Engineer: 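First the structure, which I've put down as structure tokens, then a few questions once you've had a look.
All values reported here derive from a predicted model rather than from experimental measurement.
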Amino acid sequence: MRLAISFLVKCLFSRLLLVFLLLILPIGAATSQAAGEKKAAQPPMSCILVRSLLCQKNCPEWISAEGRITSDTPARLRKMLKKIGGRKLPVVFRSEGGDVDAAYAMGRMIRKAGLETAVGGTRLKDCPVGDTRCQTAIAKDGSAVGYTYSSGAYCFSACPLALAGGVSRVSSQWAFIGVHQITTVYNKMRVSYRIEYKIVNGKKKEISRKEVGRKVAGQSSSTKLGKKATAALTAYLKEMGASEDVIGLMMSATPDNINIVPATEALRTGLITDMLSYNEWPGMPLCAPDAAAEAVCHSHPVAEAPVVAKAPLSQAPVQDAATETSEKLPKTQPMDFLLMSNGNCREECTQWISADGDITPDTPARLKAMLTTLGERKLPIVLQSNGGDMDAAFVMGRMIRAAGLETSIGRTQLPNCPKLDPRCKASIAKSGPTEGEVFAGRAYCLSSCTLVLMSGTPRIVGYSSIGLVRPTTAEYTRFFAYFDEMGVSAETYETMMFATSIERGTILRSQALKFGIVNGIIPYDEKPGLHVCGPEAKESLRCPRKAEAETVPVAASVN
């Protein structure tokens, strides 16, 4: 006998997609600008093809991806990638986050296409301040003209996961990257089925089942990361070349808050691969190794140090080589040390030791004389040098470490000095500190100068160039013994060094942090050598830093 019976199957549960939640609550002074710029909730993310307004021909283009990440965002991105064909255009994100699974899909899509990513906002031509991507500025084909900006731009919650998909991924110290706990939402569903069965030998046997109704019967959520969610997140981060430490950063902030990731942490964990300089903007492609000086791209190759490439570091004829390359770099001279000041030192001023020039065998004696003059005052040493004698660099480094001094890279400019001679003798004070300014931009510390840089406690860098060379066979043992002495990862650097055929090259800030050559980044609104001295000060006092968390303790860099 065949009977048709309908009944209700109660309390069946189904796990929905992982989502990020972001409430507009106070998240500290560091994020007030970004949070204040956002509305209560962003509209779903849209992708626009934008051409730079700031040039006439061969203008860079980028994909502006702004808005909340939803389950259909990957499809929109896929449509855009199909539209641009095989062109490698950067994706510039400004997003409060959203659906985690969708962010995974977007990141994998971006990585497969070999695209770069950046954190930044886009302002289209002729759009009002309150609607920077206004519809009237977007052509029927979905393209537009405009420019990008970093200040106040943000990539929160699930957005950093999509950002991690870039083959190179950049941000600036004017933008914010933020993470927090993942919230898993569970929906309790009441599902109705129509089931047909027949009785065989007195027992029911189901022959068909059809769903006829579904209704939400309640909802619950949890911030506890389950095994499947943890495995998915861990696998994704590994796939994108990011550290599992990102999970710890995420779990340190509740869903109604945001953990702003400092630049050093973002670089260390691989959420980004480099920082944009003050004159670079989101959407700029990464420079090729042979990029011309006028190319519109970020991270321009730095001119080689004026040292004969094949010569051992300790025997490099710096002065002669500088003459041969005088068109690329100003003529150099042996390193000298100036006690510098900026401000009214009867009340308060910044003071630093400017160390500028080529390292020669007698440079350590000059440094010792300067330190003896200063006595117990621990002023920072701001370096700019093409390098030089390696043994002298070792002596200098050990002297600086013993004195417990800070090192950084910066170019010192004295008043009334010409551009090619920024430390002209006419402006040097005959006694006491010399007044001047110091800047991180366009400064450099190459070759053996980097050996001196790594001796600082701390050792910090802004938008400056760092370079190091491969030691000769005779120098090898002493070279890496010095690394170990300074708490720098010799093994990691050695692996990188022998993976390339170049004899000399620059090191990215992210690499310098990874190796421990530097252990902090100078905030964008500060300068190298930031210490305060007054007339009563026996020892300089460190200025409060707005981003103190960005300076990693020295011990943390020791492997």
Engineer: Can you find a pair of side-chain heavy atoms, one from Cys134 and one from Pro128, that are under 4.5 Å apart?
Structural biologist: yes
Engineer: Are Tyr104 and Leu161 packed together at the side-chain level, in the sense that at least one heavy-atom pair is separated by less than 4.5 angstrom?
Structural biologist: yes
Engineer: Please give me the minimum heavy-atom distance between Pro282 and Thr148, naming the atom from each residue.
Structural biologist: O-OG1, 2.5 Å
Engineer: Measure the CD1-CZ distance between Ile260 and Phe176 for me, rounded to the nearest 0.5 Å.
Structural biologist: 6.5 Å
Engineer: Pick one: which of Ser168, Ser171, Ser299 meets side-chain contact (heavy atoms from CB on, under 4.5 Å) with Thr273?
Structural biologist: Ser168
Engineer: Roughly how far apart are Ile182 CD1 and Met250 CE, rounded to 0.5 Å?
Structural biologist: 3.5 Å
Engineer: Is there a donor-acceptor pair under 3.5 Å between the side chain of Arg169 and the backbone N or O of Gly270?
Structural biologist: yes
Engineer: Salt bridge check: are Glu61 and Arg87 linked by an N-O gap of less than 4.0 Å?
Structural biologist: yes
Engineer: Under a 4.5 Å cut-off applied to non-hydrogen side-chain atoms, are Phe483 and Met454 in contact?
Structural biologist: yes
Engineer: Out of His180, Glu96, Gln181, which one pairs with Ser157 under the side-chain hydrogen bond (donor to acceptor under 3.5 Å, both in side chains) rule?
Structural biologist: His180
Engineer: Within the distance-only criterion (no hydrogens, no angle test), does the side chain of Arg459 pair as donor or acceptor with the backbone N or O of Ile517 below 3.5 angstrom?
Structural biologist: yes
Engineer: For the side chain of Thr117 and the backbone of Leu163, is there at least one donor-acceptor N/O pair under 3.5 Å apart?
Structural biologist: yes
Engineer: Quick one: does Trp62's side chain get under 4.5 Å of Leu89's, heavy atoms only?
Structural biologist: no
Engineer: Using a 4.5 Å cut-off on heavy atoms from C-beta on, say whether the side chain of Thr70 contacts that of Met45.
Structural biologist: no
Engineer: Measure from the side-chain N and O atoms of Ser95 to the backbone N and O of Gly67, and report whether any donor-acceptor pair falls under 3.5 Å.
Structural biologist: yes
Engineer: Would you mind telling me which of Leu53, Thr132, Ile138 makes a side-chain contact (heavy atoms from CB on, under 4.5 Å) with Leu124?
Structural biologist: Ile138
Engineer: Grab the two heavy atoms, one from Ala253 and one from Ile258, that are nearest each other, plus how far apart they are.
Structural biologist: CB-C, 4.1 Å
Engineer: How long is the span from the OG atom in Ser172 to the NE2 atom in His298, to the nearest 0.5 Å?
Structural biologist: 12.0 Å
Engineer: Where the side chain of Thr269 meets the backbone of Val246, is there a donor-acceptor pair that is under 3.5 Å apart?
Structural biologist: no
Engineer: If you define the side chain from C-beta out and look only at heavy atoms, does anything of Ile521 sit under 4.5 Å from Leu513?
Structural biologist: yes
Engineer: Kindly determine whether Asn259 and Ser252 satisfy side-chain hydrogen bond (donor to acceptor under 3.5 Å, both in side chains), including the steps that lead there.
Structural biologist: CA-CA 7 Å; Asn259 181 8; Ser252 66; 2.8 Å; yes
Engineer: Is it true that a side-chain atom of Arg123 and a backbone atom of Tyr149 form a donor plus acceptor pair closer than 3.5 Å?
Structural biologist: no
Engineer: Assess whether a salt bridge exists between Arg268 and Asp245, defined as any Lys/Arg side-chain N lying under 4.0 Å from an Asp/Glu carboxylate O.
Structural biologist: yes
Engineer: After noting the C-alpha distance and the side-chain angles of Phe479 and Leu468, does the key distance pass the side-chain contact (heavy atoms from CB on, under 4.5 Å) rule?
Structural biologist: CA-CA 11 Å; Phe479 189 83; Leu468 199 54; 4.2 Å; yes
Engineer: Could you pull out the closest heavy-atom pair between Leu271 and Pro160, with the gap in Å?
Structural biologist: CD2-O, 4.2 Å
Engineer: State whether the side chain of Arg94 and the backbone N or O of Gly120 hold a donor-acceptor pair below 3.5 Å, judged by distance alone.
Structural biologist: no
Engineer: Taking all atoms of both residues into account, what is the closest heavy-atom pair of Ala102 and Pro74, and its distance?
Structural biologist: O-CG, 3.6 Å
Engineer: Can you tell me if Thr122 and Ser64 form a side-chain donor-acceptor pair at under 3.5 Å?
Structural biologist: yes
Engineer: Which is it for Lys83 and Asp141 under the side-chain contact (heavy atoms from CB on, under 4.5 Å) test, yes or no, and what are the steps along the way?
Structural biologist: CA-CA 10 Å; Lys83 177 180 178 179; Asp141 63 356; 4.3 Å; yes
Engineer: So, does Thr73 use its side chain to make a donor-acceptor pair with the main chain of Ile69 at under 3.5 Å?
Structural biologist: no
Engineer: Are any of the side-chain heavy atoms of Tyr193 and Arg209 separated by less than 4.5 Å?
Structural biologist: yes
Engineer: Using side-chain hydrogen bond (donor to acceptor under 3.5 Å, both in side chains), reason through Ser465 and Arg442 one step at a time and then give a plain yes or no.
Structural biologist: CA-CA 7 Å; Ser465 299; Arg442 300 194 304 277; over 6 Å; no
Engineer: Output the distance between atom NZ (Lys112) and atom CG (Leu81), rounded to the nearest 0.5 Å.
Structural biologist: 11.0 Å
Engineer: Is any side-chain heavy atom of Val296 closer than 4.5 Å to a side-chain heavy atom of Trp281?
Structural biologist: yes
Engineer: Any sub-3.5 Å donor-acceptor pair from Arg133's side-chain atoms to Ser46's backbone N or O?
Structural biologist: yes
Engineer: Would you find a donor on one side and an acceptor on the other, under 3.5 Å apart, between the side chain of Lys238 and the backbone of Leu233?
Structural biologist: no
Engineer: For the atom pair CG (Asp101) and OG (Ser71), what is the distance rounded to the nearest 0.5 Å?
Structural biologist: 10.0 Å
Engineer: Which atom names give the shortest non-hydrogen contact between Ile48 and Gly142, and what distance separates them?
Structural biologist: CG2-O, 3.4 Å
Engineer: Might you point out which heavy atoms bring Ala144 and Ala137 nearest each other, and give the distance in Å?
Structural biologist: CB-O, 3.5 Å
Engineer: Going through the checks in order, is the side-chain contact (heavy atoms from CB on, under 4.5 Å) test met by Ile460 and Val518?
Structural biologist: CA-CA 5 Å; Ile460 54 180; Val518 297; over 6 Å; no
Engineer: Would you compute the distance between atom OH of Tyr197 and atom CD1 of Ile195 and round it to the nearest 0.5 angstrom?
Structural biologist: 9.5 Å
Engineer: Is Arg108 salt-bridged to Glu239, cutoff N-O under 4.0 Å?
Structural biologist: yes
Engineer: Could you walk me through whether Ile84 and Leu49 pass side-chain contact (heavy atoms from CB on, under 4.5 Å), step by step?
Structural biologist: CA-CA 9 Å; Ile84 66 174; Leu49 179 61; 4.2 Å; yes
